Amino acid sequence: MHAVNTIGTTILGYPRIGPSRELKRALESYWAGKSAEEDLLTTGRQLREQTWTTLRDQGLDSIPSGTFSLYDQVLDTAALFGALPERFTRLGLSPLDTSFAAARGVPDAPALEMTKWFDTNYHYLVPELGPDSRFSLTGTAPVDEVREARALGITPRPVLVGPVTFLLLSKSTQPGFEPLELLDELLPAYAGLLGKLADEGVEWVQLDEPAFAADRTTPEFNALTRAYHVLAKEKHRPKLLVAGYFGGLGRALGVLARSPVEAVAVDLVTDESFVDQVAAEGALRDKEVLAGVVDGRNVWRTDPGVALSRAARLKDAAAHVSVSTSCSLLHVPYDVEAETDLDPRLKSWLAFARQKVDEVVLLGRALRGEDVDLGPARAAVADRAGAAELSDADVRARVAALRPEDTVRAPYAERAAAQQKSLNLPPLPTTTIGSFPQTGEVRRARAAHRAGKLGDGAYRDAMRTEIERVVRLQEDLGLDVLVHGEPERNDMVQYFAEQLTGFAATALGWVQSYGSRCVRPPILFGDVSRPKPMTVDWARYAQSRTDRPVKGMLTGPVTILAWSFVRDDQPLADTARQVALAVRDEVADLEEAGIRIVQVDEPALRELLPLRAADREAYFGWAVPAFRLATSGVAETTQIHTHMCYSEFGDVLPAIDALDADVTSIEAARSKMEVLADLNEAGFGRGVGPGVYDIHSPRVPDRDEVAGLVRTALGAVPAERLWINPDCGLKTRGYAEVEPALRHLVGAARELRAEPR
């Protein structure tokens with residue numbers, strides 16, 4: 001066991017949706033009015049207890065609590081400290097429904113903005129704070145969970161979003177005001193919670209400060225200093241563990257080393273060079289260091305030799321060193337043993353959350369000098385490293401033969417003129433982003449075909465029936481550019497991965513994206529190629545049913561990488577070029593089939609952006625050429641679109657411009673078109689479609705609301721370059737919401753076309 005008063009071997013967090021997505025079903029049942037609040041809360045309690053007992057039985061020294069959420073941990077923090085906007089708190093709802101209103105919106109209260117959690121595919125709700133914001137401990141969840149765990153014989157380690165990261169992730173409601181100015185208002189609420197946890201006999205509390213894996217200013221480092229001197233000086237509190245992850249902490253490590261906190265968790269996977277900084281930081285000698293040597297974000301088995309070497313290098317630099325994950329295991333699936341259809345050899349190379357806990361426990365014992373058998377882990381790592389079949393000579397030769405001109409198109413002005421002559425679209429053309437709601441009939445047909453219960457011909461007929469229905473609906477709605485609706489697609493990455501070499505799909509490898517939304521990231525394990533067309537038949541059929549242009553819908557190479565578990569045995573740039581060539585082939589075949597508009601989505605361009613500015617030039621150096629390689633093999637008359645959603649675009653505007661897409665659609669409804677000012681400042685001069693319908697909320701915007709957003713957009717973008725579209729695909733919504741919302745969208749566009757300019 002661990003030394004007295006140390007944390008010992010642990011993890012920073014665990015998945016929370018349930019091994020069979022129990023939370024997803026419970027949430028959606030509650031939102032649909034089919035179950036009561038107590039039913040949902042019972043499901044949450046059962047999932048927490050299942051996690052805690054599993055982690056205890058696997059042998060962890062310290063078990064985290066507070067990593068469960070019914071929607072999002074940042075939203076929970078805002079609710080815990082009474083920081084939800086008044087438009088939600090005045091609704092008179094229960095605390096649970098107030099939080100859901102903030103997450104999803106209600107008719108008179110638009111939802112909080114949602115964006116990516118650092119450089120992951122998890123989304124968090126953005127708190128709104130202003131000069132008048134005040135904080136108080138209004139929630140009891142952290143204490144309640146401690147009591148639940150104690151009833152099981154477990155004294156857990158509560159996990160909280162750290163106060164500085166919470167403020168840095170928040171949005172100001174007033175120009176010129178920075179939420180960080182509220183630190184002294186917030187710290188007493190945190191101190192009060194620490195005292196209540198101490199009353200419960202809690203020995204350690206974990207405060208997550210991942211914001212400091214990114215570049216920060218001197219005032220922000222000063223805030224970190226103040227926060228942990230103030231909290232650590234509280235006389236009645238548990239010991240404090242401050243966790244930094246998603247990269248090296250840089251200057252923040254020195255700040256924490258000089259603070260009175262008792263322990264620091266560091267990510268030794270994302271930034272290997274950070275090991276040297278940690279080892280050299282003499283002030284850590286009075287602290288416990290959690291060495292994050294097991295990757296919390298990818299699914300490959302840990303190399304025990306590398307992990308133990310990194311952890312051992314810290315032994316002389318800290319009072320005690322324990323093994324942990326690099327970050328929460330929220331970002332990986334539950335259990336690889338549930339994947340009965342995976343190739344056994346590939347499966348032997350993988351570790352999901354349950355296996356990673358086993359790795360942490362085994363490495364922790366090894367670090368303490370216990371006699372453990374690392375042979376199976378070493379053998380699996382060596383087997384993967386020596387697997388020659390992961391390399392395809394033809395693919396590598398094609399990549400080696402690429403030329404600079406393969407990523408270049410004619411100037412935009414020439415293309416725009418040719419495309420307008422060919423397409424003859426009206427001003428403010430209307431379209432959607434790609435997917436339409438997937439009915440129960442569609443999902444059942446897809447599942448039956450996958451299970452071999454529905455033949456290829458019958459499946460094709462079912463999908464064509466749905467495509468024709470969606471095309472007719474779009475014509476009735478009056479949309480200018482149509483889509484086929486994507487009824488055949490389970491996911492915008494998995495669909496393609498299942499048809500490309502070098503990928504494997506899981507059956508139960510679900511990972512939470514936000515709320516009840518889950519995805520199954522495919523596993524990219526080898527060289528990538530496209531054996532045959534993937535979307536052409538569906539797009540060709542849709543185009544045959546209408547005289548209006550139909551967009552071909554593809555996912556871009558950067559997003560395919562970001563939303564997969566990617567091989568780590570070669571540079572991402574090499575893998576990106578392979579994927580880009582596969583997408584390029586599909587774009588060319590769509591064009592040959594008569595599709596005049598092709599949308600290649602890159603919502604993850606911002607997501608993969610390195611948190612440190614010094615690393616970004618290298619990232620853009622391969623990410624932008626990968627997109628251009630995928631899209632530059634077409635005629636001037638073929639219009640290339642791309643789409644990006646729920647990102648902070650300011651950091652990537654030069655890259656968006658460099659993609660050279662003819663039209664870029666972007667999330668903008670929740671932020672009320674804020675991104676357009678950034679686009680103008682960057683000199684963006686191509687077509688742009690800022691979203692006017694927030695599809696992540698059940699709210700149906702009326703025509704006046706949509707028209708107001710379009711007018712705001714017209715103040716920044718000339719009508720000849722402005723497109724009117726939703727924020728994102730419509731797959732997660734129902735037709736009862738989508739049809740009226742799109743009618744309002746089309747009606748607003750027609751209204752604005754008629755206005756003089």
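For the numbers below, each heavy atom of this structure counts, side chains included, while hydrogens, waters and symmetry mates do not. Worth saying up front: this structure is predicted, and the values here are computed from it rather than measured.
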Can a side-chain donor-acceptor contact be found between [Y] and [X] if the only test is distance below 3.5 angstrom?
X	Y	value
Asp76	Ser69	yes
Thr67	Gln73	no
Ser513	His123	yes
Glu209	Thr165	yes
Trp300	Asp295	no

Of all the heavy-atom pairs spanning [X] and [Y], show the shortest one and how long it is.
X	Y	value
Phe166	Pro127	CE1-CG, 3.6 Å
Glu339	Phe352	CG-CE1, 4.0 Å
Pro238	Val205	CG-CG2, 3.6 Å
Tyr334	Gln355	O-OE1, 4.4 Å

- Query: Any idea how Phe221 and Phe212 line up, ring-wise: parallel (<30°), tilted (30 to 60°), or perpendicular (>60°)?
  - Reply: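 Correct class here is tilted.
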- Just say parallel, tilted or perpendicular for the rings of Phe118 and Phe246, cut-offs at 30° and 60°.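 Ring orientation of Phe118 relative to Phe246: tilted.
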- Message: Taking the basic N atoms (NZ, or NE/NH1/NH2) and the acidic carboxylate oxygens, is any pair closer than 4.0 Å for Asp358 and Arg301?
- Response: no
- Message: Are Glu288 and Trp204 packed together at the side-chain level, in the sense that at least one heavy-atom pair is separated by less than 4.5 angstrom?
- Response: yes
- Criterion salt bridge (charged side-chain N to carboxylate O under 4.0 Å, His left out) on Asp527 and Arg396, from CA distance to verdict: CA-CA 8 Å; Asp527 285 351; Arg396 293 182 177 243; 2.7 Å; yes
- Message: So if I apply the salt bridge (Lys or Arg N to Asp or Glu O under 4.0 Å) rule between Asp61 and each of Arg56, Arg368, Arg157, Arg365, which one comes out positive?
- Response: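 Going through Arg56, Arg368, Arg157, Arg365 one by one, the salt bridge (Lys or Arg N to Asp or Glu O under 4.0 Å) with Asp61 is satisfied by Arg368 alone.
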- Task: Would you mind telling me which of Ser324, Pro210, Pro64 makes a side chain to side chain contact (heavy atoms under 4.5 Å, CB included) with Leu12?
- Result: Ser324
- Message: Which residue is it: Leu224, Leu187, Val242? I am looking for the one with a side chain to side chain contact (heavy atoms under 4.5 Å, CB included) to Val164.
- Response: Leu224
